[in-house]
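Each chain gets a letter, A, B and so on, in the order the sequences are listed, and its residues count up from 1.
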2 protein chains.
Amino acid sequence: MADLNHILKTHGLRTTAIRREVMQYFLNEGKAVSHQDVEGAMPKADRVTLYRTLAALEESGIIHQVIDDDTVKKYALCGTECSGDHHHDNHVHFKCERCNDTVCLEDIKIPHINLPQGYSVDSGNLLLMGTCKSCA
Amino acid sequence: MADLNHILKTHGLRTTAIRREVMQYFLNEGKAVSHQDVEGAMPKADRVTLYRTLAALEESGIIHQVIDDDTVKKYALCGTECSGDHHHDNHVHFKCERCNDTVCLEDIKIPHINLPQGYSVDSGNLLLMGTCKSCA
DNA sequence: ACATTTATGCAACATAGTTGCAGAAATGTT
DNA sequence: AACATTTCTGCAACTATGTTGCATAAATGT
């Protein structure tokens, strides 16, 4: 609890019950979750508030968007290095095609890629798909 | 024209005016386009037909989905090696944050990544973001 | 040129996400 | 602790995106 409040404060957000609950949900899941997932887990909470909560957590650098092959937005908790102005979520994501879970592989970084003259790269997103440990 | 018909036939699709127009649009754009883009370019065509046209072209391996940080689906033409059952779009995609265009870098392949024991990888998707040649 | 199969266009529906605004809760100040 | 200020929450309405069912039209096979 106190932890969660501290994270919120250090990221410039007010401490509210909903934000703590959403963050706790992220901690429990340990995988990328969508707005719909959050809504399912917190049926009493207002849809719109949850959209805005996710947006606030993302803008402040507490969660980051996980790019995935389906069209709903998904998010996961950022590592401790993230802050609002500078996300460092340059790790690889893995989506299991059996259980459909997408997870962060925090230890595996996106390799540097050489591009032709004229391109400059700021950030990247690498999604690997296949079968995860639990489904193998 | 004849070319487009040939491509459609070799991928097991019937040759229709709309499919040729959509394919021609892909050829002209040379970048990843969304349903909305196609609709804008072909205002007379029916929305639903365009959704189904894109789905048919994707399933048959003529176009492939380009994963991007925004949530609308985008597609681009596949290289010649693609067929319905086996897509080979394992090249890198680049999204320019100024012009917002996403392009295929056909010559740059996704590098092999070593994952921990238990993961098996079937396919991957690498999106690099930054500034493109024209916007530099 | 005819029968069969598949594609198109329309209406209605379903899902995902946004905006405006009033009341509630959190924070800063005294 | 009480107040003023700022920000958050919850509701209603709305926009955008994508899907399904079905009748008609067009493409293919014989």
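Residues of residues 38-54 of chain A that place a heavy atom closer than 4.0 Å to DNA chain D, in numerical order, are A/Asp46, A/Val48, A/Thr49, A/Arg52, A/Thr53.
B/Glu97 places a side-chain heavy atom less than 4.5 Å from the side chain of A/Asp122. Residues B/Asp101 and B/Cys132 form no side-chain contact, since every pair of their non-hydrogen atoms from C-beta on lies 4.5 Å or further apart. You'll find the side chain of B/His91 stays beyond 4.5 Å of the side chain of B/Asp107, heavy atoms only. A/Asp69 has its side chain out of reach of B/Asn125: every pair of non-hydrogen atoms, C-beta onward, lies at least 4.5 Å apart.
Axis angle across the helix from C/dA1-D/dT30 to C/dT30-D/dA1, with five pairs used at each end and values rounded to 10°: 50°.
Taking atom CD1 of residue B/Ile18 and atom P of nucleotide C/dC10, one finds them 10 Å apart after rounding to whole Å. Remark: C1' of C/dA16 and OH of A/Tyr75 are 12 Å apart, rounded to the nearest angstrom. Between A/Glu59 atom CD and C/dT18 atom P there is a gap of 11 Å when expressed in whole angstrom units. If you measure from atom CZ of B/Arg14 to atom P of D/dA26, you get 13 Å, rounded to the nearest angstrom. If you measure from atom CG of A/Asp68 to atom C1' of C/dA16, you get 15 Å, rounded to the nearest angstrom. Between A/Asp37 atom CG and C/dT15 atom P the separation is 15 Å, expressed in whole Å. The separation between A/Arg19 atom CZ and D/dC8 atom C1' is 6 Å, rounded to whole Å. Between A/Leu13 atom CG and C/dA25 atom P there is a gap of 19 Å when expressed in whole angstrom units.
B/Lys109 places a side-chain N or O within 3.5 Å of a backbone atom of B/Glu106 that can act as its donor or acceptor partner.
No more than 12 heavy atoms of other residues, nucleotides or ligands sit less than 6.0 Å from atom CD of A/Gln36.
B/Met42 and B/Phe26 fall within a single hydrophobic cluster, where Ile, Leu, Val, Met, Phe, Trp and Tyr are joined by side-chain heavy atoms under 4.5 Å apart, directly or via other members. Residues A/Ile110 and B/Ile108 share a single hydrophobic cluster, defined by chaining ILVMFWY side chains whose heavy atoms lie under 4.5 Å apart.
A salt bridge links B/Asp70 with B/Lys95: at least one charged nitrogen is closer than 4.0 Å to a carboxylate oxygen.
Heavy-atom distances to DNA chain D give each of A/Thr71 and B/Lys9 a nearest nucleotide, and the one nearer the 5′ end belongs to A/Thr71.
When each of D/dG18, D/dT9, D/dA27 is scored by its nearest atom to the side-chain atoms of B/Thr15, the top-ranked nucleotide is D/dA27.
At the phosphate of D/dA16, neither OP1 nor OP2 sits under 4.0 Å from any side-chain N or O atom of B/Gln36.
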